[in-house]
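Note sheet for the following structure.
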Number of protein chains: 2
Amino acid sequence: MTERPPDPSKPRREQILDSASRLFSERGYHATSMRDLAGELGMQGGSLYAHISGKEELLIEIVNQASRQFDGALFSLRDTPLPADQKLREAMRRHIQVVADNMESATVFFHEWKHLSPGAYARVTGWRDSIDAFYRELMVQGMKEGVFRADLDPKMSAYLVLSAVNWAYTWYRPGGALSSRDVADSFADMLLSGLRNPI
Amino acid sequence: MTERPPDPSKPRREQILDSASRLFSERGYHATSMRDLAGELGMQGGSLYAHISGKEELLIEIVNQASRQFDGALFSLRDTPLPADQKLREAMRRHIQVVADNMESATVFFHEWKHLSPGAYARVTGWRDSIDAFYRELMVQGMKEGVFRADLDPKMSAYLVLSAVNWAYTWYRPGGALSSRDVADSFADMLLSGLRNPI
DNA sequence: CCTACCGATCGGTAGG
DNA sequence: CCTACCGATCGGTAGG
């Protein structure tokens with residue numbers, strides 16, 4: 001699809017990971033051959049193995065990088081003394097920013113993690129659970145504070161928020177009219193206040 | 001993952017499509033070999049080609065079936081004389097029901113449509129645009145009626161609704177405690193009224 | 001629907 | 001980082 005030469009200021013290994021993110025996100029992990037990847041970098045297929053141990057290492061690295069980005073963005077918020085509605089807005093801003101700034105690895109993360117071998121697979125499901133837990137606890141906090149409706153189901157409201165922030169990887173276009181913050185604030189406004197006219 | 005023998009009451013071709021939906025959704029299109037698929041049906045790899053013309057035909061068929069299900073569920077609502085909030089709730093019920101009743105083909109639809117060849121690819125993007133348009137028009141209708149807030153952005157509110165109903169393919173478990181209608185009503189309640197405590 | 005096979009391509013390695 | 005190669009597997013076909 002998009003031509004994009006490797007960034008010459010980066011170490012070879014990072015160039016490989018960048019190209020792999022792009023190809024895996026566009027074509028999928030299994031539909032990308034090591035020769036395709038090498039071709040992007042002006043190498044022969046076998047030469048890649050001077051820098052990496054194998055194809056799956058690339059997938060693991062991309063998925064782990066994405067996980068760490070989400071972790072880093074969200075978990076520092078856990079103990080921040082903000083009212084739950086403001087904390088939710090801030091979490092959504094950060095979450096969508098990670099997606100928007102890493103569209104390719106986010107796409108790989110959401111689509112290809114099932115192809116990981118058992119160890120890496122288990123780490124991803126554990127990570128997913130911890131993100132779920134973060135949003136559920138946030139909902140519970142808000143209900144206790146009286147900021148959120150008392151009749152909410154924390155599980156369902158967390159799913160709703162996660163749907164909004166995660167699904168962005170399918171439609172958001174970096175460099176377009178909307179910044180990731182615009183998107184997050186728009187979604188947060190609608191989620192907090194509702195679509196229905198209160199009048 | 002899950003063992004599941006073919007349904008002997010169905011024609012062979014439908015058995016093949018059922019097994020393909022399951023394997024493509026679990027392992028991905030490119031990671032599923034025709035021999036894997038044949039093995040599920042107790043056949044040899046080459047025998048599949050007595051029933052189908054090729055691997056891509058299976059993907060096209062699965063994706064088209066999913067598209068038709070969404071179309072059939074939603075477009076009859078277009079000219080139904082319901083207030084926009086009720087229409088939105090009903091659209092979400094139907095949309096999530098299609099996802100819930102077709103988890104496997106919905107997963108294939110969302111993950112593998114990029115691997116279609118140009119003709120089928122273009123049909124899918126066209127279909128996606130028409131679903132987007134459906135929800136945007138619904139939002140505009142509701143704003144005109146005064147049922148929805150006047151300051152909404154139809155595009156963003158349509159994305160928010162689509163996020164909720166589509167993302168369900170990643171977490172919903174048919175046969176669990178929640179029916180697809182429970183999910184849709186819970187999401188519709190939260191989206192219409194908001195998470196924030198109005199008191 | 002099976003057997004036997006086709007050319008192409010896969011991920012990865014040896015040796016330089 | 002290249003050349004040359006490995007065994008394995010791919011989607012698909014011919015002939016029965």
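Order of the sequence lines fixes the chain letters, A, B, ..., with proteins taken first and strands second; residue numbering starts at 1 for each chain.
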Please report the distance, rounded to the nearest Å, between CG in A/L37 and C1' in D/dC1. 15 Å
Atom pair distance, as rounded to whole Å: CD in A/Q44 and C1' in D/dT3: 8 Å
Could you tell me if A/R94 and A/Q97 have a donor-acceptor pair between their side chains, going purely by distance under 3.5 Å? no
Would you tabulate the side-chain donor-acceptor contacts of residues 58-69 of chain B under 3.5 Å, counting partners in other chains and residues two or more places apart, or write 'none'?
residue	atom	partner	partner atom	Å
B/S67	OG	B/V63	O	3.1
B/Q69	NE2	B/N102	OD1	2.8

Worked check of side-chain contact (heavy atoms from CB on, under 4.5 Å) between B/V183 and B/Y172: CA-CA 9 Å; B/V183 173; B/Y172 184 72; 3.8 Å; yes
Specify the separation, in whole Å, of atom CG of A/L48 and atom P of C/dG12. 10 Å
Salt-bridge contact B/R35-B/E40 (side-chain N to carboxylate O under 4.0 Å): no
Which pairs, protein N/O on one side and nucleotides 14-16 of chain D N/O on the other, fall under 3.5 Å?
none

Using a strict cut-off of less than 4.0 Å between a Lys/Arg side-chain nitrogen and an Asp/Glu carboxylate oxygen, indicate whether A/R4 and A/D18 qualify as a salt bridge. no
Tell me: CE of B/M43 to C1' of D/dT13, nearest whole Å? 16 Å
Tell me which pairs pass side-chain hydrogen bond (donor to acceptor under 3.5 Å, both in side chains) where either residue lies in residues 175-187 of chain A, with sequence neighbours left out. A/R89-A/D185, A/R93-A/D185, A/S179-A/D182
Partner of A/W127 by ring pair (Phe, Tyr, Trp, His ring centres under 6.0 Å), out of A/F75, A/Y121, A/W113, A/F109: A/F109
Report yes or no: is the cationic atom of B/K114 (NZ for Lys, CZ for Arg) closer than 6.0 Å to the six-membered ring centre of B/Y29, at no more than 45° off its axis? no
Grab the NE2-P distance between A/H51 and C/dT13 for me, whole Å please. 16 Å
Any protein N or O atoms within reach of nucleotides 7-11 of chain C? Criterion: under 3.5 Å, listing atom names and distances.
residue	atom	partner	partner atom	Å
C/dC10	OP1	A/S33	OG	3.4
C/dG11	OP1	A/T32	O	3.3
C/dG11	OP1	A/K55	NZ	2.8
C/dG11	OP2	A/M34	N	2.8
C/dG11	N7	A/R35	NH1	2.8
C/dG11	O6	A/R35	NH2	3.0

Would you say B/Q141 and B/E145 are linked by a side-chain donor-acceptor pair, where the criterion is simply a distance under 3.5 Å? yes
What dot-bracket string describes DNA chain C from 5' to 3', counting Watson-Crick and G-U wobble pairs whose defining distances are under 3.5 Å, with [ ] for crossing pairs and | for pairs to another strand? ||||||||||||||||
Using distance only, find each side-chain donor-acceptor pair of residues 146-156 of chain B under 3.5 Å and give its atom names and separation, not counting sequence neighbours.
residue	atom	partner	partner atom	Å
B/R149	NE	A/G194	O	2.8
B/R149	NH2	A/S193	O	3.2
B/D153	OD1	B/K155	N	2.9

